[in-house]
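Heads up, the thing below is written out as structure tokens.
Keep in mind that this is a model prediction, so the values were computed, not measured.
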Amino acid sequence: MARAFFAAPLQSQLTLQLFRPLAVLFAMVLFSSTLTGCGDTSHGDRVPLTGTVKKGGELLQTKATIYFNPLPDQGGNGSSGEVAEGRFTIPAESGPTPGKKYNVSVITSPGIPADDTPRDQIKLPERLETTVEIPSRDSEDSPELEIVFD
């Protein structure tokens, strides 16, 4: 019985000796990360992008999502954004890489038809595709693209 009485304090002392350096290390890492902050606010090789999507000469009126996928031999960052009333805006933190060619896909979202809509009037999602080159970074202004589908 006396042995169990002395074993607990000895065990807790050993535990403290083992975990104290880990606790100090954790505190140092936590403190140093608050000193460095979130880092640089630049977005590396990404640029903001704005533009329009036209089909048949008119701004696309259906809601859609636009995807920029770099060509396999080009490299670069993929990007996507929402299209509303024929216009899209992609911020720099998720923008594409300038000076690269991209496959562009626009997938429309015509919405859910009313229950009484005749079958021949139901609009299905549509996929439009083309290839564009994102302009090189010449200024801080975001490039304005016009994506046109026939």
Would you mind reporting whether Arg46 and Glu93 have side-chain heavy atoms less than 4.5 Å apart? no
Rounded to the nearest 0.5 Å, what's the gap from OG on Ser79 to CZ on Phe88? Could you check? 9.0 Å
Please state whether the rings of Tyr102 and Phe68 are parallel, tilted or perpendicular, taking 30° and 60° as the class boundaries. perpendicular
Using a 6.0 Å cut-off, check whether atom CG of Asp120 has over 12 heavy atoms from anything other than its own residue. yes
Under a 4.5 Å cut-off applied to non-hydrogen side-chain atoms, are Leu59 and Arg87 in contact? yes
Any side-chain to backbone donor/acceptor pair from Thr108 onto Glu126? Under 3.5 Å, distance only. yes
Could you tell me whether the side chain of Ser105 reaches within less than 4.5 Å of the side chain of Arg127, counting heavy atoms only? yes
Can you list the steps and then say if Glu82 with Lys63 is a side-chain contact (heavy atoms from CB on, under 4.5 Å)? CA-CA 8 Å; Glu82 296 300 312; Lys63 287 185 180 181; over 6 Å; no
Testing the 3.5 Å rule here: is there a donor-acceptor pair between the side chains of Glu144 and Thr50? yes
Evaluate whether atom CD of Glu85 has more than 12 neighbouring non-hydrogen atoms of other residues, nucleotides or ligands under 6.0 angstrom away. no
Counting distance only, does the side-chain N/O of Ser109 pair as donor-acceptor with the main-chain N or O of Ala64 below 3.5 Å? no
Applying side-chain contact (heavy atoms from CB on, under 4.5 Å), run through Phe149 and Thr130 and close with a yes or a no. CA-CA 8 Å; Phe149 299 99; Thr130 190; 3.8 Å; yes
Just by modelled atom types, is the Gln74 backbone N or O under 3.5 Å from a matching donor or acceptor in the Lys100 side chain? yes
Rounded to the nearest 0.5 Å, the CD1 atom of Ile134 sits from the CD1 atom of Ile90 at a distance of 8.0 Å
Calculate, to the nearest 0.5 Å, the distance between atoms NZ and CG belonging to Lys55 and Asp150 respectively. 10.0 Å
Nearest 0.5 angstrom please: Thr52 OG1 to Leu60 CG, how far? 10.5 Å
Under 4.5 Å between any side-chain heavy atoms of Val132 and Asn103, yes or no? no
Looking at side-chain heavy atoms only, is the closest gap between Leu145 and Leu49 below 4.5 Å? yes
Once you round to the nearest 0.5 Å, how far does CD1 of Ile66 lie from CG of Leu128? 9.5 Å
Using side-chain heavy atoms (C-beta onward) and a distance below 4.5 Å, is Pro110 in contact with Ile122? no
Looking only at heavy atoms, the pair that brings Pro98 and Val47 closest together is CG-CG1, 3.7 Å
